Amino acid sequence: MDERPIGIFDSGFGGLTVVRALLDLLPDERLVYLGDTGRYPYGPRPAEEVRQFSVELTSALVERHDVKMVVVACNTAASVALEELRARFRVPVLGVIEPGLRAAIQATRNARVGVIGTVGTIASGSYQKMAEVIRAPVNLHCAACPGFVEFVERGELDSDQVHVLAERLLAPLCDRGVDTLLLGCTHYPYLARTIGDVMGREVVLVSSAEETAFDVRAVLVATGLGRPPGDPPLHRFYSSGDVGHFAAMGGRLLGSEIEVAEPLVC
Ligand code: DGL
């Protein structure tokens, strides 16, 4: 048994979708969340820069917060930095690419799976690579959705503008006849209503959050690192941007109050 918290990071609010799943599945665990809102979006940045940010954030979690495990709750960061983080840090480091893909494989009936993500995620080819590694019995159709993350960060989840953008960006996937759409960016579940409207009811939307939480639980069980039930856990949230905005909007997105967000100095 291990009292230390689980560390989670993302470029901004998106990783809160994974936090929600962790709170639901592992209510005894303490969580430390780093949202790099001061430097979002990661999607358009060069891979090397995203790798460098990922190392900085993981170092902060391990060295300053003494976490027992790190969850890279950002597809862009996981796409380009996961292997390096695993090589550099001693704690288990989990990503969101493989769990999301597994969930999509379970959901599809016609083996045609759409994957949407940031420009960085789609350009990295991380989903195709993972599909080869796990011999996924599906055809992937990938599309970048630049602009979606910015709408979420502004709290604009259901506006006419985001709808128009979604129609334009998702049209090629509708044409491909996918029956499942993997939301390959942790921000995108917050746009599920808009994305679902555009794709149509028969297309199943899959998030990586729940499957990632199952992976975290499996690692805790396998390593004996789980926190024993007892006092309710305290969670801490940090933002490299405006902490007041992070607490207010983060609480709204998470669906439970974030009493205070603390400054994250990168
Ligand atoms: N949540 C991040 C992801 O999953 C968003 C990246 C960004 O900031 O562009 O890719």
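In this chain, numbering begins with 1 at the start of the sequence shown. Each ligand, and each atom within it, is numbered from 1 in the order the structure gives. Just so it is clear, the structure is predicted and the values come from calculations on it, not from any experiment.
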So which heavy atom in the protein is nearest atom 5 (C) of ligand 1, and how far is it from that ligand atom?
-> His187 ND1, 3.4 Å
What protein heavy atom is closest to atom 9 (O) of ligand 1, reported as residue, atom name and distance in Å?
-> Gly43 N, 2.8 Å
Numbering the atoms of ligand 1 from 1, which are under 4.0 Å from a heavy atom of [X]?
X      : answer
Thr76  : 3 (C), 6 (C), 10 (O)
Asn75  : 3 (C), 4 (O), 10 (O)
Asp10  : 1 (N), 2 (C)
Thr118 : 6 (C), 9 (O), 10 (O)

Compute the minimum heavy-atom distance from Gly12 to ligand 1 and say whether it is under 4.0 Å.
-> no
Charged N-O contact under 4.0 Å between [X] and [Y]:
X      : Y      : answer
Arg154 : Glu150 : no
Asp24  : Arg20  : yes
Glu132 : Lys129 : no

May I ask you to check if ligand 1 and [X] share an N or O to N or O distance below 3.5 Å?
X     : answer
Tyr42 : yes
Ser11 : yes
Tyr40 : no

Donor-acceptor side-chain pairing of Ser239 and Thr37 below 3.5 angstrom | yes
Is there a donor-acceptor contact under 3.5 Å linking the side chains of Asp36 and Tyr42?
->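 Indeed, the side chains of Asp36 and Tyr42 share at least one donor-acceptor pair under 3.5 Å.
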Result of checking Ser79, Cys74, Cys142 against Thr121 for side chain to side chain contact (heavy atoms under 4.5 Å, CB included) = Ser79
Ring-face cation of Arg39 near Phe53 (centre distance under 6.0 Å, axis angle within 45°) |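 Yes, a cation-pi geometry holds between Arg39 and Phe53.
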